Amino acid sequence: MTGNAALQRWVDDCARLTKPERIHWCTGTPEEYRDLIQTMVRDGTLIELNQQSHPNCYLHRSHPNDVARTENLTFICTTNKEDAGPNNNWMDPTEAKERLTKLFDGSMKGRTMYVVPYLMGPVGSQYSRVGVEITDSAYVAANMYIMTRMGEVALSQLGASEDFVPGLHSLGDLSPERRFIMHFPDERLIWSIGSGYGGNALLGKKCFALRIASSIARQEGWMAEHMLIIGLEDPSGQVTYMAAAFPSASGKTNLAMMVSSLSDQGYKVWTVGDDIAWMHVDEEGQLRAVNPEAGFFGVAPGTSYATNPIAMDTIRENTIFTNVGLTPSNEPWWEGIGSDPPEGLINWQGNVWSSEGGRAAHPNSRFTVPARQCPSISKQWEDPRGVPIAAIIWGSRRSAVVPLVMQAFDWQHGVFLGSGMGAETTAAATGAVGVVRRDPMAMLPFCGYNMADYFQHWLNIGKRLKKAPLIFRVNWFRKDKDGKFLWPGYGENIRVLKWILERIRGSGRAVETAIGFLPSQDAIDLNGLELAPEALREMLSVDKTGWINGALAMEDFYSQFGERLPREIWEEHKKLRERLQRSSASSTKA
Ligand code: OXD
Ligand code: MN
């Protein structure tokens, strides 16, 4: 029960439709979280892990068909199809409501309906927003407790206001035939049924903080982005903040928690967020970012003391693991954890694992953990004003063509670079892995409206900035002809961040090329790193044929948006082609 009439009305309506056995209003206390966990341990939804080595840690095994985001079942239901754009699946809102009303009808019979009020953003921040999720999954409610500021804190921010984003979620029967993740941006409403997977079911994350928030942000003049936020501390102790967009499962959590290999020189990375940034232009024309989340929902495989020691220390307690393997001593295990699979290992589906039997952990297995217990969490991570952003970084997996790092000529060129970004697909969404697709600003699955308008929004924001952040493109994933990574990545990425910092300060050495400013061969600090000079040369050269082909792929992508695509994007595309032609002509002559 709540004193907020609009909220009470909506909860009553949902209960009438879904017919739960009981209703539980989440208050967000640690006792309530413990009760949720105990209920799930009793009914088998969770397995208690070794409480000596992993206090308060649990394992959840999901339905095997429900392990990743399902982009083909995710819809933006605007009145006009064009407002959703070619980047989204679209369904008429009336039809979507009719279809889902049938599925929600009685879907919570015999179940508890949890009402989860939550706050996205720091307490007391003018940038924070309230959402309320109704769900019949205790696993979802417990994950929301970790990932958001849940319960009373949200209700007290809401007061009597009607300004909250309602999200109705039910596991339904978990059948992909009856699975839909529906967004109604015009009403700021979410309906999701048939999946318990994070990105489909924790409605504060992708559904609200990205798809619905991106649409609100466009109307209100701010930005909701698929970006990590870090603070880079230099030897004098000064911290410079950067926001970086990478597609799902492409190393955002690793970058956000990086242990710098230049720590002896005094360079250190502080974590503000690992997945989502809400960014506003302040009264002084400065871009400021808050992390709307309170936890990390990170990919487990590949996480180890060698690749991400901070994450490993973060997930030692109070963590829910989903779809990882289980050792005979009840500890979590996954491929790339840094130890051999032990005898008697159980795989993510609960069967004894054998080396012929595939992976022990699902490639998209996850950990959910409170951000506050991360050893590298920034002192500013809950600053209600957000942190000032000095650089924006685009990154994705590209085994060829894209250099280790490059800088855009200016804001408009940087927006163009982000808009045409190609990325190899990963296991975070169902479908083929490793296929290059255009994933503008790493927002293709998350932009809640027509991306042509999104690019225009980025261009408009640039006009309001007094000192626009510099924009960069990075690629840690270049491979040589034998398929080996050319760059060591992880903690060595600090060397690239150091060059970015130098560029912000006007000191980093660079050469102007057809595609942007590239570091000159001696500009990246390689002290203490063994790297073949040819490898660096390859990663810092312009692959003209690759870029010409890339420009062609961009043309196909942009053409889908017709007249709606901002002319500035075509202008930058033309300029890129001309620069590439000029440089091919001069290199042919030479
Ligand atoms: C995520 C994703 O879970 O991008 O963050 O899929
Ligand atoms: Mn993400």
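Scope of the values below: all heavy atoms of this structure, side chains included, with no hydrogens, waters or symmetry mates. Being a predicted model, the structure only gives us computed values, none of them experimental. Ligands are counted one by one from 1 in listed order, and the atoms in each one are counted from 1 as well.
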Counting only heavy atoms, which portion of F446 has something under 4.0 Å from ligand 1: side chain, backbone, both, or neither? side chain

Opening angle between NE2 in H226 and NZ in K206, taken at the Mn ion (ligand 2), to 10 degrees: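 So the angle at the metal works out to 90°.
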
R149 and side chain to side chain donor-acceptor pair (under 3.5 Å): which partner among Q157, E293, E382?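 Single pass found, and it is E382.
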
Which atom name would you report as the N, O or S atom of D275 nearest the Mn ion (ligand 2)? OD1

Going by distance only, is there an N or O of K206 that falls short of 3.5 Å from an N or O of ligand 1? yes

Nearest neighbour in protein (non-hydrogen) for [atom]:
atom: atom 4 (O) of ligand 1; value: S248 OG, 2.5 Å
atom: atom 3 (O) of ligand 1; value: R366 NH1, 3.0 Å
atom: atom 6 (O) of ligand 1; value: R69 NE, 3.0 Å

Using salt bridge (Lys or Arg N to Asp or Glu O under 4.0 Å), reason through K479 and E424 one step at a time and then give a plain yes or no. CA-CA 13 Å; K479 290 183 178 164; E424 288 160 24; 5.8 Å; no

Answer yes or no for H226: is there a heavy-atom contact with ligand 1 below 4.0 Å?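 H226: in contact with ligand 1 (<4.0 Å).
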
Taking 4.0 angstrom as the limit, do R437 and E71 come out as a salt bridge? yes

Before we go on, tell me: are the rings of W458 and W411 under 6.0 Å apart, centre to centre?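 Centroid distance W458-W411: below 6.0 Å, so yes.
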
Can you sort out the partners of D313 under salt bridge (charged side-chain N to carboxylate O under 4.0 Å, His left out), two or more places apart, ordered by chain and number?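 D313 satisfies salt bridge (charged side-chain N to carboxylate O under 4.0 Å, His left out) with no other residue.
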
Partners passing salt bridge (charged side-chain N to carboxylate O under 4.0 Å, His left out) against R397 (at least two apart in sequence or in another chain):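 So R397 forms no salt bridge (charged side-chain N to carboxylate O under 4.0 Å, His left out) with any residue.
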
Which atoms from ligand 1 have a heavy atom of D275 less than 4.0 Å away? 5 (O)

With R61, the side chain to side chain contact (heavy atoms under 4.5 Å, CB included) member among L326, T45, V67, T322: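 One option only clears the test, and that one is L326.
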
